[in-house]
Protein chains: 4
Amino acid sequence: MTAEDSVKRHRNIVALVGSLRRDSYNRMLFNAAVELAPPEMTITELTGWQQWPLLNLDEVADGMLEPVTQMARQITESDGVLFVSPEYNYSIPGGLKNTIDWLSRVAPQPFAGKAVGLMGAATGAVGTARMQYQLRQTLVFLDGHPINKPEVMVARAAEAFDANGQLVNEFYRTQVAQLLEALAGQADRFVSYD
Amino acid sequence: MTAEDSVKRHRNIVALVGSLRRDSYNRMLFNAAVELAPPEMTITELTGWQQWPLLNLDEVADGMLEPVTQMARQITESDGVLFVSPEYNYSIPGGLKNTIDWLSRVAPQPFAGKAVGLMGAATGAVGTARMQYQLRQTLVFLDGHPINKPEVMVARAAEAFDANGQLVNEFYRTQVAQLLEALAGQADRFVSYD
Amino acid sequence: MTAEDSVKRHRNIVALVGSLRRDSYNRMLFNAAVELAPPEMTITELTGWQQWPLLNLDEVADGMLEPVTQMARQITESDGVLFVSPEYNYSIPGGLKNTIDWLSRVAPQPFAGKAVGLMGAATGAVGTARMQYQLRQTLVFLDGHPINKPEVMVARAAEAFDANGQLVNEFYRTQVAQLLEALAGQADRFVSYD
Amino acid sequence: MTAEDSVKRHRNIVALVGSLRRDSYNRMLFNAAVELAPPEMTITELTGWQQWPLLNLDEVADGMLEPVTQMARQITESDGVLFVSPEYNYSIPGGLKNTIDWLSRVAPQPFAGKAVGLMGAATGAVGTARMQYQLRQTLVFLDGHPINKPEVMVARAAEAFDANGQLVNEFYRTQVAQLLEALAGQADRFVSYD
């Protein structure tokens with residue numbers, strides 16, 4: 001693959017938004033990602049997991065839920081995964097984690113070999129740092145390949161977004177664009193050799 | 001409070017078992033805890049959370065679910081909390097985390113000031129270490145007071161339990177008993193000064 | 001021990017300051033702790049570790065260094081330990097960690113059973129959060145008993161201190177005082193039962 | 001670059017061995033890595049850091065130590081970095097961390113963009129898992145690119161090595177070879193796009 005091919009290639013990114021609130025800051029941050037994505041990148045939200053039951057491995061033994069299999073296929077066929085999530089109690093929200101736990105039971109495990117971007121928004125000062133480091137640890141097991149930099153941790157979210165839910169903070173806008181750029185590069189890296 | 005009072009005092013411990021499987025190793029480990037508890041300690045499992053929906057903060061704003069309020073009250077009235085959980089994808093199972101996330105939204109936050117014991121069983125070699133350190137981080141935020149030692153991480157669970165689900169490994173049996181003893185002591189410490 | 005005794009009791013806290021810089025923000029933060037300590041509390045810095053060699057367990061086998069033994073005794077005789085440290089590369093500074101590693105080799109291990117307070121200052125937004133959570137994990141092994149709240153993570157240190165090195169940010173001043181108050185309470189808890 | 005080029009390319013890996021003991025299990029593990037390296041890979045240990053002082057940023061301001069600059073250059077010119085380290089007190093040994101802290105102050109920061117492999121040996125059951133996850137967190141900041149799998153955590157080291165210090169456990173021998181293979185692949189990935 002040459003650098004020129006890399007520039008032209010279309011990237012299909014799938015996203016998991018960890019908050020179920022309708023107007024959450026993390027949904028606004030996801031919207032900003034869609035807006036700021038490079039021209040050759042599509043970002044599609046993975047939905048429906050909000051209705052999944054809590055993972056019970058006895059039920060997995062009986063056969064995988066159809067929506068789980070389907071979402072796993074979407075991830076497998078994608079060029080990369082974007083997580084946009086709040087931090088609950090210094091770690092990954094239970095709902096998002098339940099979704100990851102379900103998906104990880106599908107064969108082939110869909111996160112393996114994928115380029116991964118991490119973003120989060122919080123009203124406090126630490127952004128979602130603690131959640132993101134725990135998610136990185138989970139990705140070691142799942143063999144995902146997260147971007148190191150930039151780490152997009154939108155702190156004091158009430159000031160970073162305007163009344164219409166637009167990300168207006170320039171520093172974070174630049175970071176989001178850089179992360180997506182890096183995600184495209186990471187996708188190239190791991191696609192071309194796997 | 002004198003040491004003598006401490007010996008006689010009854011302790012009411014509530015437990016969250018992180019696996020939904022009927023015959024999971026972690027349920028067997030919970031059963032071992034009930035069996036090995038000191039005479040003056042009762043361990044009651046908190047149940048029903050398996051049916052709770054994923055936490056949506058929009059719904060919390062409309063009023064807390066009755067079963068959540070009720071379980072929070074059970075925790076508040078207890079002398080301590082015992083977590084018995086597997087590790088999923090190097091961290092806390094989504095279902096257990098969802099339960100913690102719901103409970104943390106009740107006022108007064110029920111884990112605050114509580115003595116906490118951590119246990120886990122896994123088929124692999126690392127036990128549930130990674131899960132337990134992440135749970136400890138969550139407990140910093142929730143202001144729970146986890147026991148440092150012993151850290152009960154039952155590895156190679158298939159060998160530690162017999163065909164009837166009995167914990168037969170003597171090393172782990174001793175550890176479970178020590179953890180519960182330490183939990184009683186921790187409960188005294190934090191009850192007497194709070 | 002009654003509550004009244006507790007109020008009058010003198011507490012002797014020893015402190016490790018993780019930065020070797022002469023005018024570091026963490027030294028300023030240590031100075032603020034000395035200034036804001038409750039009347040019945042003395043805070044003494046543990047010094048000299050800056051000259052210790054890197055830990056080599058072959059040398060430990062030959063006999064412990066005298067300054068290490070001596071500092072371990074100071075900790076053992078104290079009522080609690082205060083860590084005041086920067087974060088280097090998202091974790092504990094190597095020099096401070098080397099000191100902890102040496103001290104942990106003395107018998108009796110001096111941190112066991114001690115009340116512990118954690119503080120840190122950084123020029124960035126995340127304060128020293130990542131360092132503090134790693135230090136908490138080390139304290140599980142060392143059986144120290146860290147305070148959960150408040151978590152003193154002085155962010156944007158250049159604004160929190162004035163030109164004379166005084167901590168002028170009122171929010172952080174209150175937090176430091178609260179942490180030391182909590183440290184005194186924690187010392188009572190663990191002294192009275194150990 | 002084609003797959004064929006990749007096969008033939010020589011890789012120059014530099015290694016940091018975190019234990020200062022002469023006959024430590026981690027040195028034996030490093031020796032096993034040298035033995036099991038693919039033919040086109042050279043692994044060179046970085047030495048001399050055992051004599052470096054503890055990092056004092058005041059001194060860095062006066063100019064970097066020559067041995068630090070030199071080691072940083074060795075890393076910069078390498079194709080990847082291999083860490084072979086014990087776990088001290090549930091985290092990175094202070095001496096190794098001090099070395100990383102020094103090296104991170106050199107410009108260009110030498111770990112940036114490098115493929116990284118992690119290995120460790122311990123006498124206990126958890127191997128060096130806790131140390132490795134903390135080192136991975138440090139690598140986020142340093143922008144290193146660690147291998148996800150295999151995670152080489154040699155547990156019960158006394159049984160894994162023979163009396164001559166040879167790694168005799170077949171499972172671990174295979175893992176070490178796989179890690180080095182993966183490190184070569186990771187080096188290709190990040191070299192070709194940086």
Side-chain angles (χ1 to χ4, degrees), chain C residues 16-27 48-62 85-105 109 111-112 123-124 126 129-144, chain D residues 16-27 48-62 85-105 109 111-112 123-124 126 129-144:
Chain C
L16 281 162
V17 180
S19 171
L20 279 77
R21 292 181 57 207
R22 203 156 54 100
D23 302 318
S24 79
Y25 290 124
N26 282 284
R27 176 148 304 285
W49 55 268
Q50 296 83 351
Q51 274 72 49
W52 296 358
L54 300 186
L55 176 63
N56 179 335
L57 293 182
D58 283 337
E59 291 168 16
V60 170
D62 296 340
S85 178
E87 172 180 298
Y88 287 175
N89 296 311
Y90 286 5
S91 76
I92 307 169
L96 175 59
K97 184 63 190 351
N98 185 59
T99 307
I100 295 171
D101 290 345
W102 269 109
L103 290 165
S104 73
R105 295 286 165 166
Q109 191 264 94
F111 297 104
T123 50
V126 177
R130 291 162 292 226
M131 179 277 295
Q132 293 197 21
Y133 297 117
Q134 298 203 353
L135 192 43
R136 285 176 185 273
Q137 188 166 304
T138 288
L139 288 165
V140 174
F141 182 70
L142 297 177
D143 201 18
Chain D
L16 281 162
V17 181
S19 171
L20 279 75
R21 292 182 58 206
R22 204 155 53 100
D23 302 318
S24 79
Y25 290 122
N26 282 284
R27 175 147 306 285
W49 55 266
Q50 295 84 348
Q51 275 71 50
W52 297 358
L54 301 185
L55 175 63
N56 179 335
L57 294 182
D58 283 337
E59 292 168 15
V60 170
D62 296 340
S85 178
E87 172 180 297
Y88 287 175
N89 297 312
Y90 286 6
S91 76
I92 307 168
L96 175 59
K97 184 63 190 352
N98 185 60
T99 306
I100 295 171
D101 290 344
W102 270 109
L103 290 165
S104 72
R105 295 287 166 165
Q109 192 265 95
F111 297 102
T123 52
V126 178
R130 291 163 292 227
M131 178 278 293
Q132 293 196 21
Y133 297 117
Q134 297 202 354
L135 191 44
R136 285 176 185 273
Q137 188 167 304
T138 288
L139 288 165
V140 174
F141 182 71
L142 296 178
D143 201 19

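A note on names: the letters A, B, ... follow the listed sequences, proteins ahead of strands, and every chain is numbered from 1. Excluded from the calculations below are hydrogen atoms, water molecules and symmetry mates; all remaining heavy atoms, backbone and side chain alike, are included.
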Scored by heavy-atom pairs under 4.5 Å with chain D, the best of N89(C), N56(C), D58(C), L54(C) is N89(C)
Side chain from CB out, backbone as N, CA, C, O: work out which of these in Q50(D) comes under 4.5 Å of a heavy atom of chain C, or both, or neither. backbone
Partner residues of N98(C) under the side-chain hydrogen bond (donor to acceptor under 3.5 Å, both in side chains) criterion, sequence neighbours left out: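 Not a single residue meets the side-chain hydrogen bond (donor to acceptor under 3.5 Å, both in side chains) criterion with N98(C).
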Chain D heavy atoms under 4.5 Å from [X]: which part of the residue, side chain, backbone, both or neither?
X	result
L142(C)	side chain
W102(C)	neither
L139(C)	neither

Tell me the residues of residues 19-26 of chain D whose non-hydrogen atoms fall below 4.5 Å from those of chain C, in number order.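 Counting heavy atoms that sit under 4.5 Å from chain C, the residues of residues 19-26 of chain D involved are L20(D), R21(D), R22(D).
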Residue selection (most heavy-atom pairs with chain C, distance under 4.5 Å) from L57(D), D101(D), T138(D), L135(D):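 Option with the greatest count: D101(D).
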Any donor-acceptor pair under 3.5 Å from K97(D) side chain to L96(C) backbone: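 Between the backbone of L96(C) and the side chain of K97(D) there is no qualifying donor-acceptor contact (under 3.5 Å).
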Nearest heavy-atom approach of S91(C) to I92(D) is OG-CD1, 4.4 Å
To the nearest 0.5 Å, what is the distance between OH (Y133(C)) and CD (Q137(D))? 11.0 Å
Would you indicate whether the side-chain heavy atoms of I100(D) and Y88(C) approach each other to under 4.5 Å?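 Not touching, per the 4.5 Å side-chain cut-off.
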